[in-house]
Amino acid sequence: MNSNKQAARIVGVLFILAAVSAIIGLLLYDPILNEPDYLIKGSEHGNQVVLGAVMELILVVAAIGTATTMFPLLRKYNETIALWHVCFRFLEAIVITIGIISILSLLTISREYVAAGSPDIAFYKASGTLLKATHDWTFLLGPNFLLGINTMMYSYIFYKTKLVPRFIPILGMTGATLVFICSFLVMFGLIEQLSIWGGLLALPVAANEMILAVWLLTKGFNESAIDSLTAKKNVD
């Protein structure tokens, strides 16, 4: 029982840590992602950009941590889905890491641009555009597309097993569907990811993670549901 409560607390902390670090990281990237003269601003705010990358690395660790900590419980219901969840969460982390590398590479380009004095601006802008596009696509495929798949898988198992109250996984599956739809709408250029519609479609999945995190920190997993899953696993 103590190990289950400990696992619940770890998952809750990691979900909150992932959300906070993702938001802070995006805000810290502002000079190099959103400023018109980002080739200069990036270099001027180099340490801020690096700190943003560190925040996203924390996000990567937290994302992998949630999947691996939940795996022993999820596998008691369906080992295949539990394994898929871990694999897709790792894939999400890899995609986010590629985005981090693109930002740090863009910072290098920015520093070289400033150090060059009178550089070939067309070359640096072309390189910068490519690196920014790489980050934008990873930001779409990781926190939207793959997040939707991951959330759907663990929410489905939570719903079937009653490890947490069913309103939480229902919100999770709803949010997963909406953020998945959002990723396709952005992909086909129908909406912007960082827009009112993008925010509204992403809000349910974000709310699900925070509600789930608070529930796990305060209440933990349903022990009777865990006992039922363990008994079923032993019989099988």
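For N47, the CG atom counts as loosely surrounded, since its 6.0 Å shell holds 12 or fewer non-hydrogen atoms of other residues, nucleotides or ligands. Other residues, nucleotides and ligands place more than 12 heavy atoms under 6.0 Å from the CG atom of L190. Within a 6.0 Å sphere centred on CD of E192, other residues, nucleotides and ligands contribute 12 heavy atoms or fewer. Annotation: K132, atom NZ; neighbour count of heavy atoms from other residues, nucleotides and ligands within 6.0 Å is above 12.
In this structure, K41 and P31 approach most closely via the heavy-atom pair CB-O, 3.6 Å. Nearest approach of A7 to T69, heavy atoms of both residues: O-CG2, 3.7 Å. The nearest pair of heavy atoms linking Y38 to T129 is OH-N, 3.7 Å. G175 and P204 make their closest contact through CA-CB, 3.7 Å (heavy atoms, listed as atom of the first residue, atom of the second, distance). Scanning both residues, S21 and L17, for their nearest heavy atoms gives OG-O, 2.8 Å. For A8 against G220, the heavy-atom pair with the smallest separation is CB-CA, 3.7 Å.
Separating the NZ atom in K5 from the CD1 atom in I226 is a distance of 10.5 Å, to the nearest 0.5 Å. The CD1 atom of I168 lies 12.0 Å from the CE atom of M173; values are rounded to the nearest 0.5 Å. Atom CG of L73 sits about 8.5 Å away from atom OG of S3, to the nearest 0.5 Å. To the nearest 0.5 Å, atoms OG1 (T138) and NE2 (H135) are separated by 5.0 Å. The structure places CZ of F15 at 5.5 Å from CG of L212, a figure rounded to the nearest 0.5 Å. For the atom pair S102 OG and W137 CH2, the distance stands at 14.0 Å (nearest 0.5 Å).
Of the possible polar contacts, one joining the S110 side chain to the L39 backbone as a donor-acceptor pair under 3.5 Å is found. Using modelled atom types, no side-chain atom of R89 and backbone atom of I64 make a donor-acceptor pair closer than 3.5 Å. Not a single donor-acceptor pair under 3.5 Å links the side chain of T151 to the backbone N or O of G148. Between the N150 side chain and the L146 main chain, a donor and an acceptor come within less than 3.5 Å of each other. S155 places no side-chain N or O within 3.5 Å of a backbone atom of M152 that could act as its donor or acceptor partner. Q48 contributes a side-chain N or O that, together with a main-chain N or O of L28, makes up a donor-acceptor pair within less than 3.5 Å.
Checked against L163 for a side-chain contact (heavy atoms from CB on, under 4.5 Å), the options L216, L229, N4 give a single hit: L229.
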message: As a quick check of understanding, evaluate side chain to side chain contact (heavy atoms under 4.5 Å, CB included) for I100 and V60, giving each step before the final call.
response: CA-CA 10 Å; I100 297 171; V60 166; 4.3 Å; yes
- request: Determine, stepwise, if the pair I121 / Y113 fulfils side chain to side chain contact (heavy atoms under 4.5 Å, CB included).
  value: CA-CA 8 Å; I121 189 170; Y113 174 80; 3.6 Å; yes
message: Please evaluate residues I211 and F167 with respect to the criterion side chain to side chain contact (heavy atoms under 4.5 Å, CB included), reporting the C-alpha separation (whole Å), side-chain torsions for both, the decisive distance (0.1 Å), and the verdict.
response: CA-CA 10 Å; I211 293 171; F167 77 89; 4.0 Å; yes
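The side-chain heavy atoms of C182 and I191, taken from C-beta on, include a pair separated by under 4.5 Å. Inter-residue side-chain proximity for L217 and V13 is flagged as met; some heavy-atom pair is nearer than 4.5 Å. V95 has its side chain out of reach of F139: every pair of non-hydrogen atoms, C-beta onward, lies at least 4.5 Å apart. For the pair T108/L104, no side-chain contact is recorded, criterion being any heavy-atom separation below 4.5 Å from C-beta on. Side-chain atoms of L83 and L74, non-hydrogen and from C-beta on, never get closer than 4.5 Å to each other. Between I32 and H45 there is no side-chain heavy-atom pair separated by less than 4.5 Å. Contact annotation: the side chain of E44 approaches that of I40 to within less than 4.5 Å [non-hydrogen atoms, C-beta and beyond]. Within the 4.5 Å cutoff, no side-chain heavy atoms of F71 are placed close to those of H85.
Clustering ILVMFWY residues whenever any of their side-chain heavy atoms sit less than 4.5 angstrom apart, transitively, puts M70 in a cluster other than the one holding V214. Under a hydrophobic-cluster definition in which Ile, Leu, Val, Met, Phe, Trp and Tyr are linked whenever side-chain heavy atoms come within less than 4.5 Å, directly or via other members, F145 and L26 are assigned to different clusters. A chain of hydrophobic side-chain contacts below 4.5 Å, direct or via other Ile, Leu, Val, Met, Phe, Trp or Tyr residues, connects L131 to F123. Transitive grouping of hydrophobic side chains (ILVMFWY, heavy atoms separated by less than 4.5 Å) brings I170 and F221 into a common cluster. Under the 4.5 Å side-chain heavy-atom criterion for grouping Ile, Leu, Val, Met, Phe, Trp and Tyr, L147 is not connected to I98 through any hydrophobic cluster.
Taking the six-membered ring where tryptophan is involved, the planes of F180 and F184 are perpendicular, since the angle between them exceeds 60° and thus also 30°.
S224 is linked by a side-chain hydrogen bond (donor to acceptor under 3.5 Å, both in side chains) to N222, counting only residues two or more places apart in sequence or in another chain. Residues passing the side-chain hydrogen bond (donor to acceptor under 3.5 Å, both in side chains) test with N34 are D30, sequence neighbours excluded.
A donor and an acceptor atom, one from each side chain of Y29 and E56, are located under 3.5 Å apart.
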